[in-house]
Amino acid sequence: MEEKINQISIVYKQKIDQAKNLSDLDLIYIDLFGKNGEMTLLPRQFSKLIKEELKIISPLFNKIKNYLSEQIELKRAQIKEDSYSKLSTETLSINEKINFTLPKAKLHPLTVFERQTADIFKKIGFSQFEAPYIDTDYYNFEALNIPEEHPARDLWDTLYIDSEKYGIQPGKLLLRTHTSNSQLRILKRYNPPIRIMNIGTSFRYENLDARHEHTFDQFELVFVDKNLSLADLQYLSEYYLKEAFGQQMKARLRPKYYPFVEPGAGIDALCIFCKGQGCKICGNTGWIELAGAGMIHPKVLENAGINPKEYSGIAWGIGPERMLMLKYGINDLRLFRNGDLDFLEKLEIEEKR
Ligand code: FA5
């Protein structure tokens, strides 16, 4: 047995040395340590050994096993290093011939704008929070006072995930339709007073047009304190629009139904393309909706264990693409995500960080 182990060591060390690439090494590894590998099967013969023999064979076997797997790893590292240096030598010679000059990298305009928006709210004490893009029906709907079969679900054309594959009941896993899926998480995680924001992408099975994409960003605010009212919501909206646009933006707050706020509001900006006259871009209304907002529904606060008699809350979900449309006179928000580098290059958004 001792001789056999030493023999395996010599033969395989030689094979490892001669391996030319990673696949050769993988085969050697399988021959040694795979299900039917030499080193896997060998210990089955140990039962035939007497105790004294086992005292010698067992440590020898372990030593050779470690030695061979170490040799494989060393060789693997060497092959990788050789291929990298070969690659960089080849790349170097191509570079010398072609002289690549890459354009200066820039952040996407949405990223810049969202960072600026986050800074505007950081100044008044808001911190950032992340929620999942793939989420459960519970956080996206139920926790927000929208039970199954509730007609308000039609407000969001939802993309469901084929969840049965993952052992989850059909219809329970989805791409979040709004950043409001963060609301209950935020309310549960933090004790009031709460000032949290959440920026990220949302997804809907939309009829696409100049104001609607299937994949778009949202910016959510959750603000909980004692004695908050609609006046605070109005103040927050005016504060943000002034900071983001300067004085020239004309906006209105109008009643709007969302099951997770009471009362609910829509925040619209006057359509800059038709100056309120009505056009194709604003859907002939003269206004472009920027955000949905409202006073957090007592039931949602209760779901998170917050006493609605003691605390009130403001929630706010804005569309950054719509903001950018108005700020830079872009007549179709689908331009932001269609990969047109010319368009993105031309859109100069100043980065102030
Ligand atoms: C919502 O999604 C609510 N979650 C907002 C909210 C948050 C209400 C907190 C109350 C409290 P709504 O579907 O209206 O609401 O979308 C909010 C904003 O997201 C819109 O005003 C718009 O600016 C943007 N938005 C919505 N759908 C799209 C879309 N398909 N493409 C681009 N932007 C969109």
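Atoms within each ligand, like the ligands themselves, are counted from 1 in listed order.
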Exercise. With heavy atoms under 4.0 Å as the rule, classify the contact between Trp156 and ligand 1 as side chain, backbone, both or neither.
Key: side chain
Quiz item: Taking NZ, NE, NH1 and NH2 as the nitrogens, is one of them in Arg76 or Asp26 under 4.0 Å from a carboxylate oxygen of the other?
Solution: yes
Quiz item: So, does Glu220 sit close enough to ligand 1 that a heavy atom of it is under 4.0 Å from the ligand?
Solution: yes
Quiz item: Just which atoms of ligand 1 are under 4.0 Å from any heavy atom in Glu289?
Solution: 14 (O), 20 (C), 21 (O), 23 (O)
Self-check item: For Trp316, the ligand 1 atoms whose distance to one of its heavy atoms is below 4.0 Å
Solution: 7 (C), 9 (C), 11 (C)
Quiz item: Taking distance alone, with no angle check, do Phe260 and ligand 1 share an N/O pair under 3.5 Å?
Solution: no
Quiz item: So which of Ala315, Pro320, Gly319 gets nearest to atom 11 (C) of ligand 1, if we judge by its closest heavy atom?
Solution: Ala315
Quiz item: Is any side-chain heavy atom of Met323 closer than 4.5 Å to a side-chain heavy atom of Leu241?
Solution: yes
Quiz item: To the nearest 0.1 Å, how far is atom 22 (C) of ligand 1 from its closest protein heavy atom, and which atom is that?
Solution: Arg322 NH1, 3.4 Å
Exercise. Mind checking the CZ-CD1 spacing from Phe223 to Ile196? Nearest 0.5 Å is all I need.
Key: 12.0 Å
Quiz prompt | Asp268 bridged to Arg252 by N-O distance under 4.0 Å | solution = yes
Quiz item: Between His178 and Phe260, does the ring centre distance come in under 6.0 Å?
Solution: yes
Practice problem: Under 4.0 Å, heavy atoms only, figure out whether ligand 1 is touched by the backbone of Ala293, its side chain, both or neither. | Solution: backbone
Quiz prompt | atom 16 (O) of ligand 1 [closest protein heavy-atom partner, distance rounded to 0.1 Å] | solution = Gln218 NE2, 3.3 Å
Quiz prompt | Nearest-0.5 Å distance, CG of residue Leu335 to CD of residue Glu213 | solution = 9.5 Å
Self-check item: Rounded distance [0.5 Å steps], CZ in Arg322 versus CZ in Phe216
Solution: 8.0 Å
Quiz item: atom 4 (N) of ligand 1: which protein heavy atom is closest, and how many Å away?
Solution: Ser180 OG, 2.7 Å
Exercise. For Gly292, take its heavy atoms, then give the atoms of ligand 1 lying under 4.0 Å from any of them.
Key: 5 (C), 6 (C), 7 (C), 8 (C), 10 (C)
Quiz item: Short list, please: which atoms of ligand 1 are under 4.0 Å from a heavy atom of Lys256?
Solution: 14 (O)
Quiz item: Below 4.0 angstrom, N of the basic side chain to O of the carboxylate: do Glu130 and Arg185 qualify?
Solution: no
Self-check item: Nearest-0.5 Å distance that lies between atom CD in Glu262 and atom CG in Asn145
Solution: 10.0 Å
Practice problem: May I ask you to say whether Asp24 pairs ionically with Lys75, meaning some side-chain N is under 4.0 Å from a carboxylate O? | Solution: no
Quiz item: Do NZ/NE/NH1/NH2 and the carboxylate oxygens of Lys172 and Glu148 come within less than 4.0 Å?
Solution: yes
Quiz item: Hey, is Leu333 touching ligand 1 through its side chain, its backbone, both or neither, going by heavy atoms under 4.0 Å?
Solution: side chain
Practice problem: Answer yes when Asp340 and Lys346 have at least one side-chain N-carboxylate O distance shorter than 4.0 Å, and no when they do not. | Solution: no
Quiz prompt | Distance from atom 23 (O) of ligand 1 to nearest protein heavy atom, with residue and atom | solution = Leu290 O, 2.8 Å
Quiz item: Between His178 and ligand 1, which part of the residue brings a heavy atom under 4.0 Å of the ligand: side chain, backbone, both or neither?
Solution: side chain
Quiz item: In terms of atom number and element, which parts of ligand 1 are under 4.0 angstrom from non-hydrogen atoms of Gly317?
Solution: 6 (C), 7 (C), 9 (C), 17 (C), 18 (C)
Quiz item: Looking only at heavy atoms, is any part of Glu321 under 4.0 Å from ligand 1, and if so is it the side chain, the backbone, or both, or is it neither?
Solution: neither
Quiz item: How far is atom 33 (N) of ligand 1 from its nearest protein heavy atom, and which residue and atom name does that atom have?
Solution: Phe216 CD1, 3.5 Å
Exercise. Consider every N or O of Gln183 and every N or O of ligand 1, then say whether any pair is closer than 3.5 Å.
Key: no
Quiz item: Do the two ring centres, one from Phe46 and one from Phe61, sit under 6.0 Å apart?
Solution: yes
Quiz item: Val261 heavy atoms, cut-off 4.0 Å: which ligand 1 atoms fall inside?
Solution: 10 (C), 11 (C)
Quiz item: Of the protein's non-hydrogen atoms, which lies at the shortest distance from atom 14 (O) of ligand 1, and what is that distance?
Solution: Tyr258 OH, 2.7 Å
Quiz item: Among Arg204, His212, Met325, His214, whose heavy atom sits nearest atom 26 (C) of ligand 1?
Solution: Arg204
Practice problem: Go through ligand 1 atom by atom and flag the ones less than 4.0 Å from a non-hydrogen atom of Ala291. | Solution: 21 (O)
Quiz item: How about Phe219 and Trp316: are their ring centres within less than 6.0 Å of each other?
Solution: no
Practice problem: Report the nearest protein non-hydrogen atom to atom 31 (N) of ligand 1: residue, atom name, distance rounded to 0.1 Å. | Solution: Glu213 N, 3.0 Å
Quiz item: Ion pair present between Arg337 and Glu321, side-chain N to carboxylate O less than 4.0 angstrom?
Solution: yes
Self-check item: Close-contact set for ligand 1 against Glu206 heavy atoms, below 4.0 Å
Solution: 27 (N), 29 (C), 30 (N)
